[in-house]
Amino acid sequence: MANLSRVLFNLVLATAILFGLIKILSKAFDFVARYISSIDKKTKRFINIGIALMVAIWPIVFINQPYVLRTSIIVLLYIVLALSLNIVLGFAGQLSIGHSAFYAIGAYVTALLTVNFQISFWIALPTSALIAALFGLLLGIPTLRLKGDYLAITTIGFGEILRLVLINWTNLTRGPAGIPGIPFPKIFGFMINTNLRYYYLILVLVMFTIFVSYRLLNSRLGRGLIAVRDDEIAAEAMGIKSTYLKILAFVLGAAFAGIAGSFFATYIHYVNPDNFNYMESVLILCMVVLGGVGSIPGVILGATVLTIIPEALRDIATYRYAIYGILLILMMIIRPQGMLSMASLKGGAKSENSGNKKRNKGLRGLSGS
Amino acid sequence: MLHVKELDVYYGGIHALRGISFDIEEGKIVTLIGGNGAGKTTTLRTISGLVTPKEGTIKFKNQNLLKIPSEKIVGQGVVQVPEGRRIFVELNVEENLMMGAYLRRDKQVIDEDLEYVYKIFPRLKERRRQMGGTLSGGEQQMLAIGRAIMSKPRLLMLDEPSMGLAPIIVEEIFECIKYLNDNGLTVLLVEQNANIALQLADVGYVIETGEIAFSGEAKSLLKDDRVRKAYLGEE
Amino acid sequence: TSSSESSEIYIASANPMTGDSAQFGDMKVKAIELALEEVNKNGGIDGKQVKLLVGDDTGNPKEAPNVAQKFSSDKKVLAVIGHWNSSCTLAARGIYESAGIPVITDSVNKAITDGTTPHIFRISLTDTTQAQHLAKYAYEVMGKRKAAILFTANDFGTGLKEDFTATFTELGGEIVATETYFEGQSKDFSPQLTKIKSKNPDLIFIPGYYVETALIAQQAQSSGIDVPMLGTDGISSEELVKLGGDAVEGIKFAGFFHPEVEYPGTKEFVEAFRVKYNKEPDTYAALAYDSAKLLLEAMSQGGATREGIKKYLDNVKDFPGVAGPIAFEGNDVTRGIIILTVKDGKIVPADIQP
Amino acid sequence: MRILETKNVTKAFGGLVAVNDVDFHIEEGEIVSLIGPNGAGKTTFFNLITGIYEPTKGEIKFLDQFLKKSKPYEITKLGIGRTFQNIRLFSSMTVLENVMAGQYCRTKADLFSAIFKLPNARKEEDRVMEKSLEILDFLDLKKIKDEIAVSLPYGYQRRVEIARALATEPKLLLLDEPAAGMNTGEKKEMQGIIRKIRDKGFTILVIEHDMKLVMGISDRIVVLDYGNKIAEGLPQEIQHNERVIEAYLGKGGAA
Amino acid sequence: MFMEQLSNGIALGSIYALTAIGFTMVYGIIRLINFVHGDIYMMGAFFALTGLTVLGLPLIPSFLLGMIGASIVGVLLAKFAYSPVFKAPRINLLLCAIGAAIFLENFAMLVWGPETQSFPTLIENKTYSIFGFKATTLQLIILGVSIALVLILTYIVKYTKLGRAMRCTSQDMEAAKLMGINTNRVVYFTFMIGSSLGAAAGVLVGMYYKAAYPMMGFTAGLKAFVSAVIGGIGNIPGAMLGGLIMGVSESLGAAYISSGYRDAIAFIILIFILLVKPSGILGKSVKEKV
Ligand SMILES: Nc1ncnc2c1ncn2[C@@H]1O[C@H](COP(=O)(O)OP(=O)(O)OP(=O)(O)O)[C@@H](O)[C@H]1O
Ligand SMILES: Nc1ncnc2c1ncn2[C@@H]1O[C@H](COP(=O)(O)OP(=O)(O)OP(=O)(O)O)[C@@H](O)[C@H]1O
Ligand SMILES: [Mg+2]
Ligand SMILES: [Mg+2]
């Protein structure tokens, strides 16, 4: 109790600093969004290539700073995870707070296959995705008729059940002791055993995830998904089979989470049920919402920021999560639409406001998004 | 009774009202007409305190409405039938109507008023235990109007009351407005159906893209060429 | 700046500082800081002040490697005390190993010192060793034959459960019931206890930590179970008595440390800890304190480098720790256990030691 | 040809019979108006045809097919498009995207070909774009195609809804109060639009309370009251039908 | 053993119920999955504990201190964290709640320290038994308080003017304002009641287990959520029912299936109930009219 005043002082100070910082950043994000929505195709391609180049040489620049490399790899891993949830939440509007279950399935499948059966990572990776997708299907078919909060608790439940299975099925999973000794991946005799190599491996997976997300979003299926998210009744009346699309999104999201899990297992060489608890799902959810639900660049940014911030705060160990909590709240207040929202990328701030016109109806709003 | 002066309202980057001024005298029916997106709804919302203007003043009986929150404005007797009906979907018809009388304490008179509303809209009486959300569009509109009447307003603002209503009910409603007005109620009417509105009103204001384009006696506006062409659909 | 670089030495400690197990990390850090304070007050090591960096691994194996990488990459950091959870140590040890940074951990999973990571030293006993000691004590000293187990479902609890079961049955005893719960989450143990009660055991073995153990003891008492209980070093804390009240009277448990089991420095340590934090040091505190002292000694003896420290640790013999003399064998400390018990609301060494 | 036919269609909500034993039909190429007092059951009737509700009793036949337990999306695919009384546009989409979403049921590309843009998917996308632009052009919405649809004024939103319904390539188009909330001039415009759509070969069933519009466009009018069909006939007949005047039009409504 | 396990389950269930009532009430009004509820419960326990130990107050004033302290926290959160986001999509509100939960847990850790603190024994805990059912004094108090709260709250929400104002605010805040309802006050009031209920639960449970610690709200909040959903989220008697179902199924599950899967059993029951009745046992499904 004695330190109450000091704690309060520190936290108020932190809040004030964060508030100012986010205000400024918010302006910056607006500017970026406006810029992105205004540039033409050619410049866009140019910028994309620039970013790709930067991302590609990044690890070479920091080759002697393993901590930077490692953090970058974790950032990329979370980008895959956040994008995978984005397909479910952002595209299909389904609030899932049990996403780490699919992440866990991917990780455990890879761990079991590579450790117990000495199967190559290159087979374990797609198998992990496939099995995670299968679980997505099994969960999705019965539960996707549930709405909003009911779906949310069901997905939490699924995540918890899975975690308990991992803990209790000791014959298969070694229970809480986890599975250590997951080997380095090897392709045609080429061993992925340094941070640098892992970086490029996860980078390829990130690229693949982004590619699929973009193509999906801009296809007929993507339009169908967004339609279902915006208004399911109207979507059905337009001939869109909403259950099919929702399940599709769920399955795809699960598959990419499985891929992320598979990578995680080979990178850490150790899996343990604690990695995949409910807070992990919440963290992924925060990345998507903070970045901007549905917006691919936004979600990438969200994953990056939310991975780096706790790292940056690691030195103030005890204040770390208190400040993290404040940050979430402030972000939601100052920038509810997320850092780079879908709407802002579509047409700048103008449509942003009027887009809210319909949603402002009290608290009932849209159920999912 | 109500003085609106130089209202400027923005939605984000959109300049929705550009210096609107008008007055409503006690006991009069005043109508605002104008095309889609002209700013009529915005005007009403600003008066009710749901939107905060950037500039301007709103005075009701010498009180500055901009200084008090929405719910207190209602307490002053400034009540509106909002666009899009906005009834409470999980309350039944009678509960909805009673919500209109939320601030009132004169229980006896409330019951009389309830009977009055049921008299104008017998359909609501038939449906008194039905959930608001399952009513048909027109029934909801009746409910929204009935609910406003239940709050015994001094200034009643109606945002497109005739929308989605059967012709026979539209007649009823305008008769009802007339009746209430005859009993001392001041009315601000926003209506797309300029013909009816101008026939009923004493004074009319025409809004175009957030500005008052012109105004005048309602009857004379009916004959105004600009009005006839743009709002009465005559060639 | 170069002046600060030359005048300061860093060690780090990675523990849960937030989350379910934060109290353990808190205890450890307090003890380490005490050790550093003492050294620094006396002029530090070679005139350099020793500083502590604290890393929060939240007790989650996902975060542990990041902390490990951060410390390993930081050339200033000469050694690490930590990871409290076995899962964290397991997830992080590869990184420490490849950075060649010596680590002293108090987590118990036997896989940690499987020979692949010579830089990781363990200052507490492995779960296997402790379980064997306890099973023998239960069978031979206490004379128990029918044990029930109520264990916490993490690597610590599961490991102890399994090894205890193995030894106890090997000796001729029988495990009549095995039930589980979750640390930090379970508060209600009545279904498990009711079930255990129906099996009529003559001993309940509870590998877990003090919060849950105190609750278990209370709930056992109120559901009329009057069977002796045996716990692990995880409950060796004053908090057990505070939380458990008279329900924990007579409970026996393993410990590596007790203020009354005096070694050189024990008394002073306990006294200093009490003065500074107004708390009783527990086993984790004592082991962390010893770890810190050990590292400090290593720095002044073997030189203030990672290699120097490691070399010292490899060869240290009979280092005078407050929880008993320390030496490592295959990176595991060689020590026995003390059996403690609660008597009149105080933790005291049991009458008969193994 | 009879494009749609209902027999004894009934829908009850608990004890409340919203649509009662309605026999109804519409011929190809017709514009039929469905009118009636508020709460007569008009919207409910639409919802029955489009599969949002299942009839308590009776059958609905569309192009020789009985719509029994068909899902809304299946019915749309069969060829019935609709708009909603309370506008339901896709709130995050632009006008163009809304209309493109309407084409969903007329396209086939599966996940794989959509993601890898195989030739069939590519061709389909081009066609969707072309067709959508054509519809927008037809309804004079091309200049606002990149606006977020729900940010538009009411009148435009109604038109976008019609465009989106047309994009489903319906044989029968159901319009629920397309002119509500419009002023006289805009209503007139809407009248023109509906005619124009019919002239393109669509069959149209419209619910509307504006008598000028109804009289102006309808080939035939059907009147519901308390769920029952109380009258059916040519505009002039309805206008002078005593029952209709009493229940619906009122004394001034006939004008 | 069965009867004994059943009493265990009812005792546990009434604890869940007590926590779930406040949770479900806030949901009923604000439509917010109040992830913070568990942490408010924790704050309540700590405030009361501070009253008992640091300030040396007797039981009842400490109890009140816990409730008042937690209500203040609840109202502050409503004002500074929730109100500003009411107009944004619902998921933002959810994230604010998550942020607030993380914040409170760690705030408590900073102020009171991370370790578990013991609650002094204040009520003599006797065991009663009738027909094979067993219950202690505190268990009976908890059950009694839960039932009383269900009755009182149901009355307030269903039959009072304030209750109607609460329901209106939840359905359409702007329209509620147009009725002259001071919606801010309604929201704050809701949080005040919800938080003080949460705190009451926290203090009682703290006394029951004789322990309080910063993370105690996490599991409690999740269990409250599950209980509320089983009963039909937003429905006050439903929360009570859901809590009891959870408690009993956990106890019986732990006894007859496996203690390791104890929490899974609760979730499996939840999922099963939702599949049969997508809006919980007592929840009514409101279909949107088209
Ligand atoms: N919440 C909002 N956010 C952004 N822009 C808005 C919002 N509400 C209204 N507008 C814009 O403000 C302008 C005026 O709108 P308003 O609703 O007041 O018009 P109106 O005259 O009532 O039109 P209608 O006849 O369609 O009801 C329009 O351009 C509209 O798009
Ligand atoms: N889901 C429902 N539950 C109960 N009653 C309903 C439901 N849906 C509609 N009703 C009732 O059925 C009747 C018919 O409603 P419907 O919406 O079809 O009317 P409508 O003819 O479209 O009227 P309007 O012209 O006002 O839109 C109304 O009285 C309405 O209250
Ligand atoms: Mg308007
Ligand atoms: Mg209708």
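Most heavy-atom pairs under 4.5 Å with chain A: of the set C:Ala22, C:Pro65, C:Gly59, this distinction falls to C:Pro65. Listed options C:Ala92, C:Pro61, C:Ala153 were ranked by heavy-atom pairs under 4.5 angstrom with chain A; first place goes to C:Pro61. When C:Asn85, C:Thr116, C:Leu90 are compared by the number of non-hydrogen pairs under 4.5 Å with chain A, C:Leu90 comes out ahead.
No part of A:Ile73 comes within reach of chain C, as not one of its non-hydrogen atoms sits under 4.5 angstrom from that chain. Both the backbone and the side chain of C:Asn66 come within contact range of chain A, each with at least one heavy atom under 4.5 Å from a heavy atom of that chain. Proximity to chain C is absent for every atom of A:Asn64, based on heavy atoms less than 4.5 angstrom apart. Within the 4.5 angstrom heavy-atom criterion, atoms from both the backbone and the side chain of C:Ser87 approach chain A. In this structure, the portion of A:Tyr270 lying under 4.5 Å from any heavy atom of chain C is its side chain and not its backbone.
With rounding to the nearest 0.5 Å, the separation of NZ in C:Lys62 from CG in A:Asn272 is 12.5 Å. Expressed to the nearest 0.5 Å, how far CG of A:Leu69 lies from CD of C:Gln69 amounts to 8.5 Å. Considering NE2 of A:His269 and CZ of C:Arg93, their distance stands at 11.0 Å, rounded to 0.5 Å. Residue A:Asp274 holds its CG atom at 9.0 Å from OG1 of C:Thr58, rounded to the nearest 0.5 Å. Rounded to the nearest 0.5 angstrom, C:Met17 CE and A:Arg320 CZ are separated by 11.0 Å. With rounding to the nearest 0.5 Å, the separation of CG in C:Asn60 from CZ in A:Phe276 is 9.5 Å.
Annotation for A:Phe135: atom CZ does not count as buried by contact number, only 12 or fewer foreign heavy atoms lying within 6.0 Å. The environment of C:Asn278 atom CG is sparse: at most 12 non-hydrogen atoms of other residues, nucleotides or ligands sit within 6.0 angstrom. In this structure, A:Tyr200 places its OH atom where more than 12 heavy-atom neighbours from other residues, nucleotides or ligands lie under 6.0 Å away. In this structure, C:Lys30 places its NZ atom where more than 12 heavy-atom neighbours from other residues, nucleotides or ligands lie under 6.0 Å away. Summarising the local packing, NZ of A:Lys186 is surrounded by 12 or fewer heavy atoms from other residues, nucleotides or ligands at distances under 6.0 Å.
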- In sequence, state the C-alpha distance, the side-chain angles, and the governing distance for A:Arg70 and C:Ile95, and then conclude on side chain to side chain contact (heavy atoms under 4.5 Å, CB included). CA-CA 11 Å; A:Arg70 180 172 197 95; C:Ile95 293 167; 3.2 Å; yes

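You'll find the side chain of A:Ile167 reaches within 4.5 Å of the side chain of C:Phe182, heavy atoms only.
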